[in-house]
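Labels below follow one simple rule: chain letters A, B, ... track the order of the sequence lines, proteins then strands, and each chain is numbered from 1.
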Number of protein chains: 2
Amino acid sequence: METFIRTISSLNDETRVLILRFLDLHGGLCVCDLQQSLGMIQSRLSRHLKILKDGGFLKVERAGAWSIYSIRSPLDRFRLECLEEIRCLDIELPLLKKLSDKGCKI
Amino acid sequence: METFIRTISSLNDETRVLILRFLDLHGGLCVCDLQQSLGMIQSRLSRHLKILKDGGFLKVERAGAWSIYSIRSPLDRFRLECLEEIRCLDIELPLLKKLSDKGCKI
DNA sequence: GGAATATATCAATATATCTTGATGTTTAAT
DNA sequence: ATTAAACATCAAGATATATTGATATATTCC
């Protein structure tokens with residue numbers, strides 16, 4: 001039950017659904033890219049990314065100073081169904097501003 | 001997005017998952033039966049039942065003074081997947097105390 | 001019609017969650 | 001070594017959600 005609620009509650013927020021959709025579309029991104037693209041402050045993003053990770057949807061990989069967040073793979077059946085449902089949502093997605101390539105300076 | 005969040009948030013509560021599981025197991029029940037079986041007060045149940053209905057998981061049918069709540073059928077693919085996931089949870093289910101047959105007197 | 005049952009809703013309080021700004025911690029560049 | 005970037009975490013305030021008891025609305029039975 002605990003795990004189920006943690007999984008569900010990780011989706012129970014528009015910000016997190018947006019983040020998930022954005023990472024699903026663009027693949028792994030660092031926090032500073034998400035910051036730029038989604039126009040959110042860092043602490044807010046970090047928090048939501050952690051919740052999505054604890055919910056089993058994301059994984060993190062350290063690359064130097066960067067934390068690269070991406071959709072965990074493989075997702076189990078249920079989480080994949082959730083992701084499929086999110087893919088069908090009509091969400092206004094911002095453009096990707098990938099500054100990390102040129103050296104991100106927030 | 002709005003509908004998705006409403007669906008997800010309706011599952012984001014242990015009480016509601018329990019109610020859903022209980023109705024899934026026993027079929028349609030009135031509020032007073034749920035009250036007896038789950039040991040909850042009426043206002044609390046009414047609230048959660050409404051949220052599950054608004055989340056698209058339950059339907060209500062009036063039968064005289066009683067409101068019979070049951071799993072909505074057919075469920076769409078995503079809600080069905082959610083229900084399947086809930087069926088797999090290890091939940092301690094109370095016994096059914098169906099007093100409505102003999103005339104429920106709360 | 002009047003009393004009692006079943007349910008819904010409201011108001012107040014308690015609890016949890018989200019947002020922001022501040023503060024740590026680690027890594028990279030010089 | 002120092003400085004700065006990238007990220008995590010914490011504390012405080014704001015917002016949302018849950019619980020309870022009280023009240024309102026049907027409906028049934030007499």
> Going by atom types alone, do T7(A) and R79(A) pair a side-chain donor with an acceptor below 3.5 Å?
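T7(A) vs R79(A): donor-acceptor pair found between side chains.
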
> What pairs with E14(B) under salt bridge (charged side-chain N to carboxylate O under 4.0 Å, His left out), at least two apart in sequence or on another chain?
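For E14(B) there are no salt bridge (charged side-chain N to carboxylate O under 4.0 Å, His left out) partners, ignoring immediate neighbours.
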
> Students often get this wrong, so: under 4.0 angstrom with heavy atoms, is S46(A) touching a base, only sugar-phosphate, or nothing?
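Base contact - S46(A) has a heavy atom under 4.0 Å of at least one base atom.
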
> Starting at atom CG of L49(B), determine the distance to atom P of dT7(C), rounded to an integer number of angstrom.
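L49(B) atom CG is separated from dT7(C) atom P by 10 Å.
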
> Just the rounded figure in Å: distance from P of dT5(C) to CG of L45(B).
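Atom-to-atom, L45(B) to dT5(C), this comes out as 19 Å.
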
> Against V31(A), only a single residue in L49(A), I68(A), V60(A) fulfils side-chain contact (heavy atoms from CB on, under 4.5 Å); can you say which?
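Per the side-chain contact (heavy atoms from CB on, under 4.5 Å) rule, the option paired with V31(A) is L49(A), out of L49(A), I68(A), V60(A).
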
> Tell me, do L23(B) and F57(B) make a side-chain contact under 4.5 Å, heavy atoms counted?
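Contact flag for L23(B)/F57(B) side chains = no.
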
> Take atom CH2 of W66(A) and atom P of dA28(C), then tell me their distance rounded to the nearest Å.
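Roughly 10 Å, once rounded to whole Å.
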
> Keeping to residues at least two apart or across chains, list the side chain to side chain donor-acceptor pair (under 3.5 Å) pairs with something in residues 17-29 of chain A.
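Found D24(A)-R87(A).
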
> Do the charged groups of R77(B) and E81(B) touch, with an N to O distance under 4.0 Å?
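So R77(B) does not pair with E81(B) through a salt bridge.
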
> In the 5'-to-3' direction, what one-character label does each nucleotide of nucleotides 16-22 of chain D receive under the scheme B = base within less than 4.0 Å of a protein heavy atom, S = sugar-phosphate only, - = no such atom?
-SBBBBB

> Starting from P on dT7(C), measure out to CD1 on I68(B) and report it in whole angstrom.
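About 7 Å, once rounded to whole Å.
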
